[in-house]
Amino acid sequence: MFAAFVLLFVVVVYRVVSGFMGSADYQWMHNFAPVAAIALCGAVYLPRRAAVLLPLGMLLISDVILNVFHYHQPLFTFDILPRYAALALISMIGFAMRGRARVPELVGASIIGSVVFYVITNTGSWLADPGYAKNFAGWTQSLTSGLPGFPPTWWFYRHTLLGDVCFTLLFSGCMALQTRKQPAAPPARTEELAPW
């Protein structure tokens, strides 16, 4: 569990730092984040309780720091709910792969998770933001060009996809190294039977 807490700390710091570095020089960091990869890989590799609490905990802690202290927004808004719903679905994908996940399947699941996150969160923005028309054209706009004055939403999706795949590979590589370094369990002791 120590490794899980270290991972939680690193992810929160990464997400907070990337949120505070919002200038044009660091735009590549927007949505290039380990959150979905932790939700997926945590569900595959970690004990069940940590697999659920770790992604939600890191998202909640970083949301408190970013929304309340940096953006001066309320913590719980309608925009936050789709993010948590998307992470819950990504965790379910990970739980479905538990015990039999290999790297190619994890990468495929990471890509699916990126699409799930993108569609759910942009649909949430479409529903909540008055800048979008509440029809099919407005929903399509939320999934492609976004609102005027901002980069297109597909631009953010590109970074989400790259981040999800990179961090999924990093997480699964770390788990493979940890498994390889663990000492093998000693063979079970068999009692010698006395001849009768």
Kindly compute the distance separating [atom1] ([X]) from [atom2] ([Y]), expressed to the nearest 0.5 Å.
X      : Y      : atom1 : atom2 : result
Phe150 : Trp155 : CZ    : CH2   : 12.5 Å
His159 : Leu162 : NE2   : CG    : 7.0 Å
Ile120 : Leu89  : CD1   : CG    : 4.5 Å
Thr140 : Asn122 : OG1   : CG    : 11.5 Å
Leu60  : Ile65  : CG    : CD1   : 10.0 Å
Arg158 : Thr153 : CZ    : OG1   : 12.0 Å

Sequence-distant partners of [X], side chain to side chain contact (heavy atoms under 4.5 Å, CB included), two or more places apart:
X      : value
Ala39  : Pro55, Leu87, Ile90, Ser91
Val165 : Val107, Ser110, Ile111, Leu161, Leu169
Ala88  : none

Discussion item. Under the side-chain hydrogen bond (donor to acceptor under 3.5 Å, both in side chains) definition, can you give me all pairs with a residue in residues 38-67, not counting sequence neighbours?
Written reply: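 Residue pairs passing side-chain hydrogen bond (donor to acceptor under 3.5 Å, both in side chains), neighbours aside: Arg15-Ser62, Arg15-Asp63, Asp63-Arg83, Asp63-Tyr84.
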Who are the side-chain hydrogen bond (donor to acceptor under 3.5 Å, both in side chains) partners of [X], not counting sequence neighbours?
X      : value
Ser125 : none
Ser142 : none
Trp139 : Thr123

Looking at every non-hydrogen atom in both residues, tell me the closest pair between [X] and [Y] and how far apart they are.
X      : Y      : value
Gly42  : Arg98  : O-NH1, 4.2 Å
Cys41  : Leu106 : SG-CD2, 4.5 Å
Gly124 : Pro82  : CA-CG, 3.8 Å
Gly131 : Asp129 : N-OD1, 2.8 Å
Ala109 : Ile93  : CB-CG2, 3.9 Å
Met97  : Leu40  : SD-CD1, 4.5 Å

Item to complete: Say whether Asp164 and Ser114, considering side chains only, have a donor N or O and an acceptor N or O under 3.5 Å apart.
Response: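 There is such a pair between these side chains.
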Worksheet item: Mind checking whether Phe32 and Tyr14 have parallel, tilted or perpendicular rings, split at 30° and 60°?
Response: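 The arrangement is tilted - the two ring planes meet at 30° to 60°.
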Worksheet entry | For Tyr132, ring-ring contact (aromatic ring centres under 6.0 Å, His included) partners two or more places apart |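 None.
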Item to complete: With sequence neighbours left out, write down each residue that passes salt bridge (charged side-chain N to carboxylate O under 4.0 Å, His left out) with Arg102, or none if nothing qualifies.
Response: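 Partners of Arg102 by the salt bridge (charged side-chain N to carboxylate O under 4.0 Å, His left out) criterion, ordered by chain and then number, come out as Glu105.
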